There are 2 protein chains.
Amino acid sequence: MTAKKGFIRRTKQREVILDVLRSTRSHPTADWVYQEVRKEMPNVSLGTIYRNLKTLTEMGQALELSYGSTYSRFDGNPENHYHFVCEECGQVTDLDLPVQKQLEEDVSDMIDGQVSYHRLEFYGVCRDCLSLAEATDHEAE
Amino acid sequence: MTAKKGFIRRTKQREVILDVLRSTRSHPTADWVYQEVRKEMPNVSLGTIYRNLKTLTEMGQALELSYGSTYSRFDGNPENHYHFVCEECGQVTDLDLPVQKQLEEDVSDMIDGQVSYHRLEFYGVCRDCLSLAEATDHEAE
DNA sequence: AAGGTTATTGAAAAGAATTATCACTATGTC
DNA sequence: GACATAGTGATAATTCTTTTCAATAACCTT
Ligand SMILES: [Mn+2]
Ligand SMILES: [Mn+2]
Ligand SMILES: [Zn+2]
Ligand SMILES: [Zn+2]
């Protein structure tokens with residue numbers, strides 16, 4: 001037992017990845033991060049992106065948001081907060097709603113288990129996509 | 001415009017799939033549904049399972065819940081309700097919490113868009129996995 | 001500062017879940 | 001019953017993500 005656990009080294013790659021993640025509010029996909037990081041480190045590998053996004057998430061410096069059965073999006077703001085997802089364009093936006101932390105206690109009592117976090121997400125159509133739909137309707141007339 | 005939209009036929013396959021979905025509270029994966037349906041229809045194809053789970057979801061007879069970046073789980077109860085997900089064993093359980101429908105209005109005002117539904121999920125360790133961990137701890141002593 | 005250990009990398013292959021394709025089948029309509 | 005076409009089974013293709021592994025480089029010990 002007590003296997004000697006490896007420590008975490010600081011690497012240039014992870015640093016750039018975190019910078020990129022923090023530079024946007026777009027909740028980017030791994031691939032978007034990859035493209036951005038390549039501008040600074042052309043030889044970085046996609047595997048490294050995935051590896052580090054995972055590491056950062058585990059270190060509590062990022063959040064991973066998974067949607068649909070397709071790709072994950074990442075968030076450079078590790079504080080819990082809620083999101084709105086546009087089902088038309090896929091855009092993910094932060095919501096300025098109070099985080100109901102006490103719900104976690106309610107639930108942990110309810111299930112007699114341990115709750116470590118919760119996610120609240122709203123789905124629908126964003127303003128931009130709504131007005132786009134309107135415009136198209138007018139055209140059709 | 002007004003493209004003549006196809007109608008939806010009733011098929012034996014979809015019927016069995018919905019039955020299977022309604023027969024469990026386990027929030028099964030597509031593959032689990034597949035295995036169950038095969039017991040009754042050995043020649044059913046996995047593609048048919050996916051196709052119909054999607055159709056049922058679109059028809060409002062099922063819910064699709066996506067977790068992690070891997071697989072989706074499905075829910076034969078299409079009424080909105082909240083879930084707890086055990087990060088150890090993957091078990092998904094229904095929570096008996098009141099659904100805060102009015103939050104959707106708050107958000108739609110906030111973003112000036114249209115909200116069609118919301119999801120609230122809690123993550124942590126379930127009771128079973130907790131007691132299992134305890135047992136393991138004792139062993140280690 | 002040099003050397004040693006091993007976490008991390010880049011490149012590529014493998015994996016896993018889901019979707020697309022297409023000839024054939026069967027549902028619903030007339 | 002005949003027709004039109006939505007749905008099926010079988011399989012290939014996609015897509016996102018993880019794994020592999022030799023080479024590299026971060027960090028600790030001298
Ligand atoms: Mn966010
Ligand atoms: Mn449920
Ligand atoms: Zn949109
Ligand atoms: Zn569990």
Side-chain angles (χ1 to χ4, degrees), chain A residues 3-21 27-59 61-75 85 90 92, chain B residues 3-21 27-59 61-75 85 90 92:
Chain A
K4 193 184 288 180
K5 248 332 192 23
F7 51 96
I8 293 186
R9 290 177 184 167
R10 211 170 59 77
T11 69
K12 179 69 177 160
Q13 284 86 343
R14 184 176 313 125
E15 215 164 89
V16 176
I17 290 169
L18 186 54
D19 283 349
V20 166
L21 210 54
H27 305 87
T29 62
D31 197 69
W32 187 92
V33 173
Y34 177 47
Q35 303 306 336
E36 287 300 306
V37 172
R38 285 222 293 188
K39 292 177 183 170
E40 198 155 327
M41 309 181 78
N43 289 323
V44 76
S45 120
L46 185 54
T48 296
I49 305 295
Y50 275 103
R51 244 179 335 240
N52 280 296
L53 286 174
K54 190 176 183 182
T55 305
L56 287 168
T57 300
E58 287 169 355
M59 301 190 335
Q61 311 224 47
L63 295 179
E64 177 176 0
L65 311 173
S66 30
Y67 296 107
S69 43
T70 44
Y71 43 75
S72 274
R73 286 168 169 275
F74 296 87
D75 195 328
V85 182
V92 179
Chain B
K4 192 185 288 182
K5 247 332 190 28
F7 51 96
I8 292 184
R9 290 177 184 165
R10 211 169 59 77
T11 70
K12 178 71 177 156
Q13 284 85 345
R14 185 177 311 124
E15 216 165 88
V16 177
I17 289 169
L18 186 54
D19 283 349
V20 166
L21 210 54
H27 306 85
T29 62
D31 197 70
W32 188 92
V33 174
Y34 177 47
Q35 303 306 337
E36 287 299 307
V37 172
R38 284 223 292 190
K39 292 178 183 169
E40 197 155 326
M41 310 180 78
N43 288 324
V44 75
S45 123
L46 184 55
T48 296
I49 305 294
Y50 274 104
R51 246 184 328 252
N52 281 297
L53 286 174
K54 189 177 181 179
T55 305
L56 287 168
T57 301
E58 286 169 355
M59 302 190 334
Q61 311 223 50
L63 296 179
E64 177 177 359
L65 310 173
S66 29
Y67 297 106
S69 43
T70 43
Y71 44 76
S72 272
R73 286 167 170 275
F74 295 87
D75 195 327
V85 183
V92 178

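Source: prediction; values computed, not measured. Note on naming: letters A, B, ... go to the chains in the order of the sequence lines (proteins, then strands), and numbering restarts at 1 for each one.
A cation-pi geometry, defined here as NZ or CZ lying under 6.0 Å from the six-membered ring centre and within 45° of its normal, does not hold between B:Arg9 and B:Phe7.
At its two ends the helix from C:dA1-D:dT30 to C:dC30-D:dG1 runs along axes set 50° apart, each axis drawn from five pairs and the angle rounded to 10°.
Counting to the nearest Å, the P atom of C:dA12 and the OH atom of A:Tyr34 are 10 Å from each other. The distance from atom CD1 of A:Ile17 to atom P of C:dT8 is 12 Å, rounded to the nearest whole Å. To the nearest angstrom, P of C:dA7 lies 16 Å from CE of A:Met59. Regarding A:Phe74, its CZ atom lies at a distance of 11 Å from the C1' atom of D:dC16, rounded to whole Å. If you measure from atom CG of B:Leu18 to atom P of D:dG7, you get 15 Å, rounded to the nearest angstrom.
To the nearest 0.5 angstrom, A:Lys54 atom NZ is 9.0 Å from A:Glu64 atom CD. In this structure, the separation between CG on B:Leu65 and OG1 on B:Thr29 is 12.0 Å, given to the nearest 0.5 Å. In this structure, A:Thr55 OG1 and A:Ile17 CD1 are separated by 8.5 Å, a value rounded to the nearest 0.5 Å.
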Legend entry - Full working for side-chain contact (heavy atoms from CB on, under 4.5 Å) between A:Ser66 and B:Ser66: CA-CA 7 Å; A:Ser66 30; B:Ser66 29; over 6 Å; no
Legend entry - Criterion side-chain contact (heavy atoms from CB on, under 4.5 Å) on A:Glu40 and A:Val20, from CA distance to verdict: CA-CA 10 Å; A:Glu40 198 155 327; A:Val20 166; over 6 Å; no
Inset, instruction - Tell me, with the steps shown, if A:Tyr34 and A:Asp31 meet side-chain contact (heavy atoms from CB on, under 4.5 Å). - result: CA-CA 5 Å; A:Tyr34 177 47; A:Asp31 197 69; 3.9 Å; yes
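Listed by chain and residue number, A:Gln13, A:Val44, A:Ser45, A:Arg51, A:Asn52 satisfy the side chain to side chain contact (heavy atoms under 4.5 Å, CB included) test with A:Thr48 (two or more places apart in sequence, or in another chain). A:Glu15 meets the salt bridge (Lys or Arg N to Asp or Glu O under 4.0 Å) test with A:Arg10; sequence neighbours excluded.
Side-chain contact between B:Glu36 and B:Val16: absent, with no pair of heavy atoms (C-beta onward) separated by less than 4.5 Å. The shortest distance between side-chain heavy atoms of A:Leu21 and A:Leu53 falls below 4.5 Å. Looking at heavy atoms from C-beta onward, B:Leu63 lies out of side-chain contact with B:His27 at the 4.5 angstrom threshold. Using a 4.5 Å cut-off on side-chain heavy atoms (C-beta onward), B:Phe74 and B:Leu56 make no contact.
Residues of residues 48-58 of chain A having a heavy atom closer than 4.0 Å to DNA chain C, listed by number: A:Thr48, A:Arg51, A:Asn52. Looking at residues 37-47 of chain A, you'll see A:Asn43, A:Val44, A:Ser45 sit with a heavy atom under 4.0 Å from some atom of DNA chain C.
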Tabulated below should be each protein N or O lying under 3.5 Å from an N or O of nucleotides 24-28 of chain D; please produce it.
from, atom 1, to, atom 2, distance (Å)
D:dA26, O3', A:Arg10, O, 3.4
D:dA26, N3, A:Arg9, NH1, 3.3
D:dC27, OP1, A:Arg10, N, 2.8

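Between B:Ser72 and C:dA17, a side-chain N or O to OP1/OP2 separation shorter than 4.0 Å is absent.
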